[in-house]
Amino acid sequence: MENEPDHENVEQNLCAKTTEEELNKSFNLEASLSKFSYIDLDKELEFKNDLIDDKEFDIPQVDTPPTLESILNETDDEDESFVLEDPTLLNIDTIDSHSYDTSSVASSDSGDRTNLKRKKKLPDSFSLHGSVMRHSLLKGISAQIVSAADKVDAGLPTAIAVSSLIAVGTSHGLALIFGKDQNQALRLCLGNTSVGGQYGAISALSINNDCSRLLCGFAKGQITMWDLASGKLLRSITDAHPPGTAILHIKFTDDPTLAICNDSGGSVFELTFKRVMGVRTCESRCLFSGSKGEVCCIEPLHSKPELKDHPITQFSLLAMASLTKILVIGLKPSLKVWMTFPYGRMDPSSVPLLAWHFVAVHNYVNPMLAFCRGDVVHFLLVKRDESGAIHVTKQKHLHLYYDLINFTWINSRTVVLLDSVEKLHVIDRQTQEELETVEISEVQLVYNSSHFKSLATGGNVSQALALVGEKACYQSISSYGGQIFYLGTKSVYVMMLRSWRERVDHLLKQDCLTEALALAWSFHEGKAKAVVGLSGDASKRKAVVADRMVEILFHYADRALKKCPDQGKIQVMEQHFQDMVPVIVDYCLLLQRKDLLFSQMYDKLSENSVAKGVFLECLEPYILSDKLVGITPQVMKDLIVHFQDKKLMENVESLIVHMDITSLDIQQVVLMCWENRLYDAMIYVYNRGMNEFISPMEKLFRVIAPPLNAGKTLTDEQVVMGNKLLVYISCCLAGRAYPLGDIPEDLVPLVKNQVFEFLIRLHSAEASPEEEIYPYVRTLLHFDTREFLNVLALTFEDFKNDKQAVEYQQRIVDILLKVMVENSDFTPSQVGCLFTFLARQLAKPDNTLFVNRTLFDQVLEFLCSPDDDSRHSERQQVLLELLQAGGIVQFEESRLIRMAEKAEFYQICEFMYEREHQYDKIIDCYLRDPLREEEVFNYIHNILSIPGHSAEEKQSVWKKAMDHIENQVLLFKFLRSLLDPREGIHVNQELLQISPCITEQFIELLCQFNPNQVIETLQVLECYRLEETIQITQKYQLHEVTAYLLEKKGDIHGAFLIMLERLQSKLQEITTHQGEKNTRELASLKDVEDTMVDTIALCQRNSHNLNQQQREALWFPLLEAMMAPQKLSSSAAPPLLSEALKSLTMQVLNSMAAFIALPSILQRILQDPVYGKGKLGEIQGLILGMLDTFNYEQTLLETTTSLLNQDLHWSLCNLRASVTRGLNPKQDYCSICLQQYKRRQEMADEIIVFSCGHLYHSFCLQNKECTIEIEGQTRWTCYKCNSSKQVGKPSENSSEIKKGKITPSQVKMSPSYHQSRGDPAAKKATSEPVLDPQQIQAFDQLCHLYRGSSRLALLTELSQNRSSEGYRPFSGAQSGPAFNSVFQNENFQLQLIPPPVTED
């Protein structure tokens, strides 16, 4: 836990005071607060987390460190990035941040920094950490700075330095010294405006360690030293550095006689102050020359008195930042360079920053240097080894999403960063989490830009240094004793960390009670960041915070009740308390204050009934997770009553089984549980409340036993009870408590014995005379035999082999046999379960059970009973399980096989044959079993291919398979598996290379064994010869198959004759059996209709490819065949048959009307003897039906034509309107030369405007080669639109037009310009009426839009049909396969939509 010293003043409620009081208090506490940043080092030694191993980041030591001269002579290359030897140094993924689940400020360094800055978002740190920093205006000092500017012409403030005094430098050369007491009085005014006129503005200030001396650096290069006690000028130094350069920094070191200055020439000088014979002198030595690289920031290492004996202090370390690298040098005992570190690539305008601080790492306190330029902060740990050498190791660096202009340590764990938009960011160094951001633009921060540009001496600085100086504010920010001072143009602000109490109170003032509690809890748990004001050991700290949290909780509860809405819906009140009350419960339980929760808090919230209800509901998740065990009886009673009232009985049950119910009325709770069917809770109450384990079983048995004994089906509720009973028995016998936990150790044997004794009772307690023996075992067996036996099996596993356990096992087995074997009301499956259970028990090596073997024979007889065909598969499966469980040893194997064969238990036979290695007999088992006959080939393959079987066994299987193939049954199944792709076995036919004769053999076998599937199979088969297959189907008289093959062969007429013959035979059959039973007549009619539909389909499929004469040869014999029975049948024929035949005839006529001319059909009908000699009334139905069809088709045709005409007319009108519409240019200048289009008009140049709005001169477009030739015409393309799209080759231009890449243009002047000039062929072509390019493109887009046949194509075909054969538009007058009608295309669709309404 990171801690700060505890001080009474800091512990007070600081936020309740005025700003002035706060400041005065903070100044009075300066001595103690100044120790925070160093005393916390001792606390930090406790911390060993989040720190990276030194060895991992060790920068390799150099045998001979470089001299200062060699560094000065290096050539600086700003473009060359520095790469560390260890790539993990720059891998931000190694940073661990596990303080909170918020995103870390650290981000991976990927790509463009500006892009990073745009994307990165901050978490809401206020709600997490509260207000970490307190910032205040120093009103007294601010007012006196403004007053001094007015009264003594001090000018604007330019620099600030803070120690136990505050020094402010001004632009007119004055240094104002203020006290840090309550009055903030002006102590001294050093210098005067006349000297200021000579030296310029004060550009840098520094106060030594004991606050006795002040160094002032001036804009024109002079340096003065003042005695802060007397206000005397001690030294005025004018020759310490080259003239004409401003002092950028001046810094005292820990040695009061040694100071460092940095000028605007980029050089660094060491100033040594001496006093010889009463004369004060100053010696200057150049440490770094700006000629080889300008230094713009210096920072000596300062150590406070507590660390004055630290071994590193003897080196008097100085860090310097040039524009390209960082240097760490030692001034003592002799000048030595300890480290150089290049920046790598960065923004040249970003400001280099340096800051030292002592931190604790791995139990040692050492100085850490933070340096940054831009948005990455690097941390270097500096330590001295035993040999006296200095090691510098790189710690994890900090990636930001903003550029920094200031970096300040506020203590060893917390840093404050100022970004380029004057926003402060408070960061926890170890977790790199951002704690707070503060906007400080109101400070109006002073920048040191004029000194960096050395304006007072003529601006003789490099451009690079001047660029850095734009954002430089080194002299405007000073930190001392955990406080940071910011110098504004008219004010001074101070910032410091708030104490933990102040941070909590600040949130309370903002009415953020939930956030205040969360923050206080983070202090309690030691997870908070930047903690000030908590001291002592962990228990003491927790106690202090817990007391404050209790106060806040009381306030929170009062507020929840006070802010409850008085009026409105109950749901609004519930929502209010659901938001508030859980917070109280959470924190009381986190603080382990159940006494507070169930006394004062509960009493307070009980004043409101809604709040009380929400409070009780909040307890549920804690009770269920066993986080809340002890509840007072009153709260427990209220809890159950509340859930009862809300009808949440399931919740009550889950709560009861997690409670200590000894304090409740047991009988009342049991009654409530039984009435509400809370069986788990009831059992729990009996077990835990009364140590009673048998009573709940008796209650449940009383409910489920009667319906089971009566053979009735159980209700869902009874099934639930039965399942709970089984689980409860299982738990009791296994020593586990129901529904969770364990039975106390001392009770386990007793409970087991009680439950066993109960189960094997001969009769129940209140038995009727009719009750059968062993009612409880019988009930459980009837309820779920398998699960009950599983419970017993598990119990047998748990039993130790003592005498009593063995007796119990044998006893219960005897009871099971007596109950099940001597009763016929158990199913084969149930009996099989019992004997499978017994077989498993008997098969165990340590078995002690005895079962009469004759019982197994009885079971075998029962399961293989040949007079019971029901449940065949169930009985077989039960017997198989019994054998596999070890029951095989109980049977005589030969008898078992005989009985299994007799009962057709082929899986049993397979099991037995496999034991005897009679694999050939297993093939018969597969073939006889209809469920598994398809698997025979897999079995044969496995036996023959998998190693492990002897040659004799394989030979016997092979011989048996060949025998069956000779019988053709196995051959047929094999060929079907191999050739029929519908069988699910996908065999590559090309790899097989099967000859047609094998396929034909399969077809012949199919005709024998499965004639109904021949056609379906032929449709998916390949590799067979038509002639041979036709002979096979004719041999087996499969007429439909023969017709299918003839049609496939191309003999349409032959196929038709076969189908016609089939139809005629069925018609003859129907007419010769007139007057028989209706069912037979209906079946015959159905056969006739099916055959006729197949014949019509044959004719329709092939009529498209036949001429008129060939079509008539198909359709008219079919019509004749349908009309013939009507001629032969007498007038006394049944009306049902007559009507059916007429309907079928009409179906034929409607189908043939699409292929045969209507007059031909009528002529054939009228020539028929039946209709010709009769009256017109006999054929009236046929004629009228045909006329109705004709009228329908004619109306459909006219409507379609009208719609198409209107649609095309509307489209062309809109097309014409869009083509003739003028173009509106976006600008009045050429998009290529950017000249006004009028300026070049005198050159007779044409102006070309595109529909996209771009405007060009034609000469400009020609120069850019934006013309292409398509079909003898010059087409312009828009240069700007196509330069980004990269127009392709000329061969692709037709497709480009459709995509809109080539934009149609409108030429302002001569329209003949588009024609190929001087080309007679082109002129001839254009003399004919053609569409211009815009119209062509628009028409193509129109056709593409409709995605169907062209309207012109539809109208053309319609007009041709109407002119040639208007009465038969869809007829097949055109003969031969070459003719393809648009309407016969399978993708043809009419889009019969009315044209859109156009606006006038």
Side-chain angles (χ1 to χ4, degrees), residues 37-38 41 54 57-72 206-210 215 249-262 267-274 283-289 295 297-322 325-342 352-371 378-395 409 412:
S37 55
Y38 293 95
L41 295 175
D54 293 352
F57 289 115
D58 251 332
I59 297 173
Q61 293 299 306
V62 182
D63 294 337
T64 307
T67 62
L68 196 58
E69 290 75 13
S70 67
I71 294 170
L72 294 177
S206 178
I207 301 175
N208 65 357
N209 276 351
D210 59 2
L215 279 174
H249 302 275
I250 187 150
K251 305 273 187 180
F252 271 112
T253 65
D254 281 348
D255 182 354
T257 66
L258 194 64
I260 312 294
C261 79
N262 173 206
S267 299
V268 179
F269 294 88
E270 177 188 73
L271 305 180
T272 306
F273 306 116
K274 293 183 178 180
E283 294 179 4
S284 172
R285 176 171 65 152
C286 181
L287 299 179
F288 193 99
S289 170
V295 170
C297 180
I298 60 171
E299 194 66 46
L301 172 62
H302 290 288
S303 58
K304 291 293 182 181
E306 303 91 80
L307 295 166
K308 64 182 179 181
D309 296 328
H310 195 285
I312 207 84
T313 56
Q314 64 183 355
F315 294 100
S316 191
L317 294 182
L318 171 68
M320 300 186 291
S322 75
K325 62 169 78 77
I326 299 290
L327 291 92
V328 176
I329 65 174
L331 302 176
K332 295 178 181 179
S334 60
L335 190 63
K336 187 171 184 180
V337 177
W338 288 109
M339 188 208 73
T340 61
F341 192 95
L353 302 170
L354 295 169
W356 288 98
H357 204 280
F358 280 86
V359 299
V361 178
H362 297 287
N363 293 337
Y364 292 101
V365 176
N366 282 301
M368 183 177 282
L369 175 66
F371 72 88
H378 297 274
F379 294 98
L380 300 177
L381 188 66
V382 181
K383 56 187 176 182
R384 178 178 179 271
D385 64 9
E386 294 80 4
S387 65
I390 285 180
H391 283 267
V392 180
T393 55
K394 191 172 186 305
Q395 306 294 295
W409 294 87
S412 62

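FYI, side chains are in, hydrogens and waters are out, and symmetry mates aren't considered; it's all heavy atoms of this structure. Everything quoted here is computed from the prediction, not taken from an experiment. By convention here, the first residue in the shown sequence is residue 1.
- Scanning all heavy atoms of the two residues, the minimum distance from Ala319 to Leu354 falls at O-CD1, 3.5 Å.
- Contact annotation: the side chain of Val382 approaches that of Trp356 to within less than 4.5 Å [non-hydrogen atoms, C-beta and beyond].
- Below 30°, between 30° and 60°, or above 60°: for Trp409 and Phe379 the angle between ring planes is above 60°, a perpendicular geometry.
- Listed by chain and number, the residues in a side chain to side chain donor-acceptor pair (under 3.5 Å) with Ser334 amount to none (sequence neighbours excluded).
- Here the side chains of Thr393 and Gln395 are in contact, with some heavy-atom distance below 4.5 Å.
- With sequence neighbours excluded, the residues that form a side chain to side chain contact (heavy atoms under 4.5 Å, CB included) with Ser316 are Thr253, Leu258, Leu331, Lys332.
- Leu318 places a side-chain heavy atom less than 4.5 Å from the side chain of Ile298.
- With contacts defined as side-chain heavy-atom distances shorter than 4.5 Å, the pair Ser303/His310 does not qualify.
- Under the side chain to side chain donor-acceptor pair (under 3.5 Å) criterion, Asp309 pairs with no residue at all, not counting sequence neighbours.
- For the pair Glu270/Leu335, no side-chain contact is recorded, criterion being any heavy-atom separation below 4.5 Å from C-beta on.
- In this structure, CG in Leu380 is found 14.5 Å from NE2 in His391, a value given to the nearest 0.5 Å.
- The two residues Phe358 and Ser412 come nearest to each other via the heavy atoms O-CB, 3.6 Å.
- Lys383 contributes atom NZ, which lies 10.0 Å from atom CE of Met368 (distance to the nearest 0.5 angstrom).
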How far apart are the C-alpha atoms of Leu317 and Leu369, what are their side-chain angles, what is the distance that settles it, and do they pass the side-chain contact (heavy atoms from CB on, under 4.5 Å) test? CA-CA 11 Å; Leu317 294 182; Leu369 175 66; over 6 Å; no

Decide side-chain contact (heavy atoms from CB on, under 4.5 Å) for Leu287 and Ile329; before the verdict, give the C-alpha distance in whole Å, the side-chain angles of both, and the deciding distance to 0.1 Å. CA-CA 9 Å; Leu287 299 179; Ile329 65 174; 4.3 Å; yes

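- Rounding to the nearest 0.5 Å gives a distance of 11.0 Å between CD1 of Ile260 and CG of Leu215.
- The heavy-atom pair separating Phe269 from Ser284 by the smallest distance is CD2-OG, 3.6 Å.
- Contact detail for Pro352 and Ala321: the closest heavy-atom pair is CB-CB, 3.9 Å.
- Taken from CD in Glu299 to CG in Asn262, the straight-line distance is 11.5 Å, to the nearest 0.5 Å.
- Side-chain N or O atoms of Asn208 include none that pairs as donor or acceptor with a backbone N or O of Phe252 at under 3.5 Å.
- A heavy-atom distance below 4.5 Å is not found between the side chains of Ile312 and Asn366.
- Without hydrogens or angle criteria, His302 side chain to Asn209 main chain gives no donor-acceptor distance under 3.5 Å.
- Between the CZ atom in Arg384 and the CZ atom in Phe315 there is a gap of 5.0 Å [rounded to 0.5 Å].
- Counting only heavy atoms from C-beta outward, the side chains of Phe288 and Met320 approach each other to under 4.5 Å.
- Taken from NE2 in His378 to NZ in Lys394, the straight-line distance is 5.0 Å, to the nearest 0.5 Å.
- Met339 places a side-chain heavy atom less than 4.5 Å from the side chain of Ile326.
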